Amino acid sequence: MTKESIPFGSEQMTENILLVLILGCEIAFWAVLLLGLIARYLFKWQKVGLYLLFSTPVIDLLLLVTTVVDLRNGAEATFFHGLAAAYIGFSLAFGRRAINWADARFAHRFAGGPEPLKTPPDGWGNLVYELKLWARALAACGITFILLRLMVLLASSPDNSAALLEWNGFLQGLAFLWFVFGPAWSVVFDRGLARSP
């Protein structure tokens, strides 16, 4: 399908649909997570709760399939196709951490579980915490990069994938800024770290 044969406004429609899908997947992730925690801790349905918690990657798979099918059907790649890849990448890198975070707090609040560990406010503990977060961000950027490359390969035409390739700069900038305002920020501005031997 050539660009001239695409009906007026179809690119905007694709962008809107993808944006709605991305937002819908984010809402669905937290809804499924909440239902899993409610089933596990309030109704004591352990298997149902675990099934719901472990089914969250299906949401990412749905978004990935929809995005690839859209590109295969001749849609011109847009910023939102790249955003879908980034959403999936960060969901895979941070999803389990988010589940563990919510699970610990729900267990403490409703099932007498131990108090969740708090983030170290300063010192070496805080620096290690920030470095681990940055490592996850790097993993998310790496997953996103791979997904973008797969989307370029699977697109109906390599010529319409320029918007996907532009995400390389976004990912590099994000990784750099995360480092600056994460680990580097701790080193420069953390007085507790400066006092540590």
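Source: prediction; values computed, not measured.
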Can you give me the closest heavy-atom contact between L164 and G82, atom names plus distance?
CD2-N, 3.7 Å

Excluding I27, membership of its hydrophobic cluster (Ile, Leu, Val, Met, Phe, Trp, Tyr; side-chain heavy atoms within less than 4.5 Å) reads none

May I ask whether I88 and L23 are part of the same hydrophobic cluster, defined by side-chain heavy atoms of I, L, V, M, F, W, Y residues being less than 4.5 angstrom apart, directly or through others?
yes

Tell me if the CZ atom of F110 is crowded by more than 12 foreign heavy atoms within 6.0 Å.
yes

Taking the side chain from S55 and the backbone from L52, do they hold a donor-acceptor pair closer than 3.5 Å?
yes

Please identify each residue that fulfils side chain to side chain contact (heavy atoms under 4.5 Å, CB included) with A85, with sequence neighbours left out.
T144, L147, L148, M151

Hey, do the aromatic rings of F79 and W167 have their centres closer than 6.0 Å?
yes

Got a sec, which residues hit side chain to side chain donor-acceptor pair (under 3.5 Å) with E26, two or more places apart in sequence or on another chain?
W30, Y87

Could you work out, with side chain to side chain donor-acceptor pair (under 3.5 Å) as the rule, every residue matching D103, not counting sequence neighbours?
R40, Y41

Please report the closest heavy-atom contact between P120 and N126, naming both atoms and the distance.
O-ND2, 2.9 Å

Looking only at heavy atoms, which two atoms of S186 and L127 are closest? And how far apart?
CB-CD1, 4.1 Å

Counting C-beta onward and ignoring hydrogens, is there a side-chain heavy-atom pair between R149 and L165 closer than 4.5 Å?
yes

Around atom NZ of K47, are there more than 12 heavy atoms of other residues, nucleotides or ligands at under 6.0 Å?
no

Between atom CG of L34 and atom CD1 of I38, what is the distance when rounded to the nearest 0.5 Å?
4.0 Å

If I take atom CZ from residue F189 and atom CH2 from residue W185, how far apart are they, to the nearest 0.5 angstrom?
4.5 Å

Of all the heavy-atom pairs spanning L63 and C25, show the shortest one and how long it is.
CB-SG, 3.8 Å

Above 12 or not: heavy atoms from other molecules or residues under 6.0 Å from CG of L117?
no

Any L42 side-chain heavy atom under 4.5 Å of F106 side chain
yes

Tell me, do F179 and L138 make a side-chain contact under 4.5 Å, heavy atoms counted?
no

With ILVMFWY side chains joined below 4.5 Å, transitively, what does V128's cluster contain besides itself?
none

One should read off an interatomic distance between I99 CD1 and T56 OG1, to the nearest 0.5 angstrom, of 3.5 Å

Is there side-chain contact between F80 and T67, with heavy atoms separated by less than 4.5 Å?
no

Verify the cluster assignment for L62 and I17: are they in a single hydrophobic cluster under the rule of side-chain heavy atoms below 4.5 Å apart?
no

Is the ring pair F43/W45 parallel, tilted or perpendicular, if the boundaries are 30 and 60 degrees?
parallel

Listed by chain and number, what are the side chain to side chain contact (heavy atoms under 4.5 Å, CB included) partners of P116, not counting sequence neighbours?
A104, R105, H108

I need the L64 CG to I59 CD1 distance, nearest 0.5 Å.
14.0 Å

Here the pair of heavy atoms bringing A98 nearest to L33 is O-CD2, 4.4 Å

If you apply the rule side chain to side chain contact (heavy atoms under 4.5 Å, CB included), what do you find for V180 with F176, and how did you get there?
CA-CA 6 Å; V180 169; F176 174 75; 3.6 Å; yes

Mind listing the closest non-hydrogen atom pair of G95 and F29 along with its distance?
O-CZ, 4.0 Å

